[in-house]
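Naming: A, B, ... by sequence-line order, numbering from 1 per chain.
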Number of protein chains: 2
Amino acid sequence: MALKLYGNPRSGCTTRVLTCLYEKHVEFELVPVDLFSGQHKSPAFLAKNPFGLVPVLEDGDLTIFESRAITEYICKKYTANGTDDLLCSSDLVKSTLVRTWVEVEAHYFQPAASPVIYQSFVAPLRGLPPDQKVIDENLEKIKKVLDIYEARLGETKYLAGESYSLADLHHLPYIFYLTRVEGFSGKMFGERPRVKGWWEDISSRAAFNKVVEGMKLEK
Amino acid sequence: MALKLYGNPRSGCTTRVLTCLYEKHVEFELVPVDLFSGQHKSPAFLAKNPFGLVPVLEDGDLTIFESRAITEYICKKYTANGTDDLLCSSDLVKSTLVRTWVEVEAHYFQPAASPVIYQSFVAPLRGLPPDQKVIDENLEKIKKVLDIYEARLGETKYLAGESYSLADLHHLPYIFYLTRVEGFSGKMFGERPRVKGWWEDISSRAAFNKVVEGMKLEK
């Protein structure tokens with residue numbers, strides 16, 4: 001039975017998992033969840049994820065939520081499929097570096113990127129004016145994170161080492177949306193050539209390009 | 001060579017790792033980092049962790065930051081030591097549930113617990129009045145998370161399943177500090193008997209009791 005992914009192709013966390021599924025050449029069925037009508041807060045959905053957020057993966061009797069737990073599961077279950085070992089799980093040192101930079105994305109990058117994207121695109125869709133103060137404060141935080149990435153990418157080709165891993169992949173949807181914010185790419189990539197090169201590299205992968213088609217910001 | 005843990009026994013993220021080291025009976029040296037004088041922002045420390053936060057683990061040439069990446073490393077490196085498999089790594093379904101509830105602690109529990117602890121204890125140490133609005137807003141968030149835990153603990157003995165895992169362990173330091181906030185235990189545990197029983201169980205473990213001695217809130 002194919003995996004079932006409950007989610008929405010506009011949600012960054014859903015597209016993180018979609019990208020991983022395509023990298024690993026895993027068959028799945030996408031079950032759309034309508035976020036604008038609040039389907040993710042319905043009793044049927046809360047039974048799958050009590051926190052009421054997409055995505056959720058069902059594999060037979062197993063239900064998993066939290067996008068980063070899902071991508072790890074996919075990599076561990078389908079070790080022989082598609083892109084070679086996004087977790088570097090056969091080597092403890094390498095896999096620990098992947099795990100460390102997965103944490104960095106989760107705790108420093110996304111918490112700053114998310115409010116910028118919300119204010120720039122989601123608030124206007126809901127008829128609210130964007131809060132420029134929130135945008136500016138978080139752009140400052142993103143700058144500091146990207147300064148650290150710029151230094152890191154001078155030591156290793158990818159964030160966790162010499163090969164493309166989940167630590168890079170997890171960044172794709174949120175950076176993609178940020179590049180749609182006016183002036184972002186010029187300001188952020190202009191002074192950070194290594195980050196620019198890294199973004200061009202990871203965003204040009206076939207798996208992510210399959211996902212980008214669904215990432216619409218308009219109504 | 002023994003592991004070197006750079007950190008501070010008052011820091012919740014440091015004590016998370018200390019608890020894990022004691023559970024796994026791993027020898028280590030604690031190298032104190034003085035947070036009040038800003039030692040974690042010094043160039044020497046930033047070379048170990050560019051984000052300037054404790055803890056950092058050094059194992060020979062390998063330097064790891066982010067407490068949850070460190071606990072996973074300890075569990076994977078010292079599989080045969082101490083408490084049996086806090087990661088359930090021999091079983092993909094069980095280990096995925098551990099990973100999922102590790103994410104829950106990281107993304108729902110700690111982000112709400114942390115500001116309550118900061119305002120209640122750290123702000124006064126720095127001569128600032130606690131911001132009651134921030135405390136109240138985050139106590140509401142904690143309640144919602146604990147409601148989900150109460151339901152979950154009706155299905156399984158621990159958060160990730162029938163055995164004690166990193167998903168439980170990671171909660172220890174922050175819940176411990178929260179129980180020092182006036183009225184917290186009565187309000188939060190009173191209506192949630194399963195959460196109360198779970199907290200009494202996990203906080204009574206010998207490994208955590210070794211750590212608690214250093215968790216002082218006074219100057």
Q | B:V98 versus chain A, the contacting section by heavy-atom distance below 4.5 Å | A | neither

(Q) Heavy-atom cut-off 4.5 Å, strictly under: side chain, backbone, both or neither for B:A151 against chain A? (A) neither

Q | Heavy-atom proximity to chain B below 4.5 Å, by part of A:L57 | A | neither

For chain A and chain B, what donor-acceptor pairs lie under 3.5 Å, backbone included?
unit_1 : atom_1 : unit_2 : atom_2 : d
A:E66  : OE2    : B:Y108 : OH     : 2.7
A:E72  : OE1    : B:R99  : NE     : 2.5
A:E72  : OE1    : B:R99  : NH2    : 3.2
A:E72  : OE2    : B:R99  : NE     : 3.4
A:R99  : NE     : B:E72  : OE1    : 2.5
A:R99  : NE     : B:E72  : OE2    : 3.4
A:R99  : NH2    : B:E72  : OE1    : 3.2
A:Y108 : OH     : B:E66  : OE2    : 2.7

